[in-house]
Amino acid sequence: MPASDTSQLSRHPSRRGDIVFRWIAKASGTFILILLVAIAAFLIMEAVPALRGDKASFLVTLSWDPDQTQVFGIAALVFGTVISSLIALVIGVPIAVGVALYISHYAPKAIARPLGYVTDLLAAVPSVVFGLWGLVWLVPNLIPLSQFLNRYFGWIPLFASTNQTYGKSMFAAGVVLAVMILPIVAALCREVFIQTPSEHVEAAYALGATRWEMLRMAVLPYGRSGMISAIVLGFGRAVGETIAVALVLSASNVITIRILDPAGATIAANIANKFGDAGAMGRSALIASGLVLFAITLVVNFGARAIVRRGPRPGAV
């Protein structure tokens, strides 16, 4: 830079840009908080009529009939939401982390970049497409696997079947959700793994570590907080999914741990199925269930933040 330009910068210092940027950043953060409070306030106000008019216990009742008998509850819906999301995490997270590790540390650049694009492209597929794929192709093709699990692992209550009827089950919903959360978890984990300092990688190799030992000692500990954040985002996508779950799950308000049976329901799918035909009390009840879903996501996010804060700092080997 010429000396004249430097002197002009020193003679006319301007912090206007910094001030503007600081206020924009502060306004953005404040807007997010206001929006969060506004959503919570809306849900609470709309849910109050249903909670007052409910003739049963909203948190422990299984049935859902707000417009006729005004007896309804979310016990089965919350159970199905959590179970289907956990199934999705158990199936999807190991695959997503494996894909992220392969792209970031195993695959050649000629393969890693296209594979990364294809993985990210899955996030752009509409939910209804996943639902139709699950309904038309996945559900019928999961029947042999369900029969295998029941035949050889039926002694585990999770894989037991009451009447040997398979199809639209919690297991099918969990598999569809696992495919849907895979690109989100894989993309975030990939970016975190790539940012691992080269000094950590070289130090692990200098100690005689193999590639897997280097990943275990340097890459995975460094990306721990990022992985937790990715899992939380994937869980949030799973618990809030509507159309895909509604298409592949035979909705019934029961609580059962037998994931192969055609039974179960989720909060989001119940809202999608019932909102169009619901009356005033029914819509208020559905919004009340949405409030519970909102609370679940907040609890999960706060829990993940607590885990990250209590764990080792990024970069620790």
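Distance CZ/F294 to CD1/I44: 8.5 Å, rounded to 0.5 Å. Of the inter-residue distances, the one linking S63 atom OG with N253 atom CG reads 7.5 Å to the nearest 0.5 angstrom. Here the CG atom belonging to L145 is positioned 10.5 Å from the OH atom belonging to Y166, to the nearest 0.5 angstrom. To the nearest 0.5 Å, atoms CG (L158) and CE (M170) are separated by 11.0 Å. To the nearest 0.5 angstrom, Y222 atom OH is 7.5 Å from H200 atom NE2. Atom CZ of residue R237 and atom OG of residue S85 lie 11.5 Å apart, to the nearest 0.5 angstrom.
Between S289 and L293 there is no side-chain heavy-atom pair separated by less than 4.5 Å. Between F193 and L220 there is a side-chain heavy-atom pair separated by less than 4.5 Å. Counting heavy atoms from C-beta on, the side chains of Q70 and D65 never come closer than 4.5 Å. Residues H105 and I194 have side chains not in contact (no heavy-atom distance under 4.5 Å, counting atoms from C-beta outward). The shortest distance between side-chain heavy atoms of Y102 and L115 falls below 4.5 Å. Residues T69 and K55 fail the side-chain proximity criterion, which asks for heavy atoms closer than 4.5 Å. Between I39 and L43 the shortest side-chain heavy-atom distance falls below 4.5 Å. For the pair V129 and P126, the minimum side-chain heavy-atom distance is below 4.5 Å.
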Inset, instruction - Could you walk me through whether L138 and V175 pass side chain to side chain contact (heavy atoms under 4.5 Å, CB included), step by step? - result: CA-CA 9 Å; L138 182 65; V175 174; 3.7 Å; yes
Inset, instruction - Report the C-alpha distance between T210 and E213 in whole Å, list the side-chain angles of each, state the deciding distance to 0.1 Å, and finish with yes or no for side chain to side chain contact (heavy atoms under 4.5 Å, CB included). - result: CA-CA 5 Å; T210 62; E213 290 172 337; 3.3 Å; yes
Inset, instruction - Could you go through the side chain to side chain contact (heavy atoms under 4.5 Å, CB included) check for V292 and F58 one step at a time? - result: CA-CA 11 Å; V292 175; F58 182 69; 3.8 Å; yes
Legend entry - Derivation and outcome, side chain to side chain contact (heavy atoms under 4.5 Å, CB included), residues V78 and I267: CA-CA 6 Å; V78 171; I267 294 176; 3.9 Å; yes
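Without hydrogens or angle criteria, D67 side chain to A278 main chain gives no donor-acceptor distance under 3.5 Å. Between the side chain of W64 and the main chain of T61, no donor-acceptor pair closer than 3.5 Å is present. Put simply, the side chain of N273 gets close to the backbone of A269: a donor and an acceptor are under 3.5 Å apart. Of the possible polar contacts, none joining the S146 side chain to the L260 backbone as a donor-acceptor pair under 3.5 Å is found. Looking at S284, its side chain never comes within 3.5 Å of a backbone N or O of M281 through a donor-acceptor pair. A donor-acceptor pair under 3.5 Å is formed between the side chain of S252 and the backbone N or O of G264. Remark: the backbone N or O of T266 is not paired with any side-chain donor or acceptor of N270 at under 3.5 angstrom.
A continuous path of Ile, Leu, Val, Met, Phe, Trp and Tyr side chains, each step under 4.5 Å between heavy atoms, connects M180 with L142, placing both in one hydrophobic cluster. Residues V90 and F148 do not share a hydrophobic cluster, clusters being chains of Ile/Leu/Val/Met/Phe/Trp/Tyr side chains in contact below 4.5 Å. If you chain together hydrophobic residues whose side chains sit under 4.5 Å apart, V82 and L233 never meet in one group. The cluster map of Ile, Leu, Val, Met, Phe, Trp and Tyr, joined by side-chain heavy atoms under 4.5 Å apart, puts V254 and V60 in different clusters. Taken together through direct or relayed side-chain contacts under 4.5 Å among Ile, Leu, Val, Met, Phe, Trp and Tyr, I228 and L86 form part of one hydrophobic cluster.
Taking every heavy atom of both residues into account, P221 and L215 meet most closely at CD-O, 4.0 Å. Taking all atoms of both residues into account, the shortest heavy-atom contact from V179 to P183 is O-CD, 3.3 Å. Shortest non-hydrogen contact noted between N150 and Q164 is OD1-OE1, 2.9 Å. Residue A230 comes nearest to C189 through the heavy atom pair CB-SG, 4.0 Å, listed as atom of the first residue, atom of the second, then distance. In this structure, I296 and F235 approach most closely via the heavy-atom pair CG2-CE2, 4.4 Å. Scanning both residues, V71 and D54, for their nearest heavy atoms gives CA-OD1, 4.0 Å.
The number of heavy-atom neighbours closer than 6.0 Å to CG of D277, taken from other residues, nucleotides and ligands shown, is 12 or below. Taking a 6.0 Å sphere around OH of Y205, one finds it holds more than 12 heavy atoms contributed by other residues, nucleotides or ligands. In this structure, R113 places its CZ atom where only 12 or fewer heavy-atom neighbours from other residues, nucleotides or ligands lie under 6.0 Å away.
Classification of D120 and R190 as a salt-bridged pair holds, one side-chain N sitting under 4.0 Å from a carboxylate O.
Looking only at atom types and distance, the side chain of T162 has a donor-acceptor partner in the side chain of D261 under 3.5 Å away.
For the pair R211 and Y106, the cation-pi test (distance below 6.0 Å, angle within 45°) is passed.
When the side chain to side chain contact (heavy atoms under 4.5 Å, CB included) test is applied to L33, no partner is found at least two apart in sequence or on another chain.
Using cut-offs of 30° and 60° on the angle between ring planes, the pair F153 and W155 is tilted.
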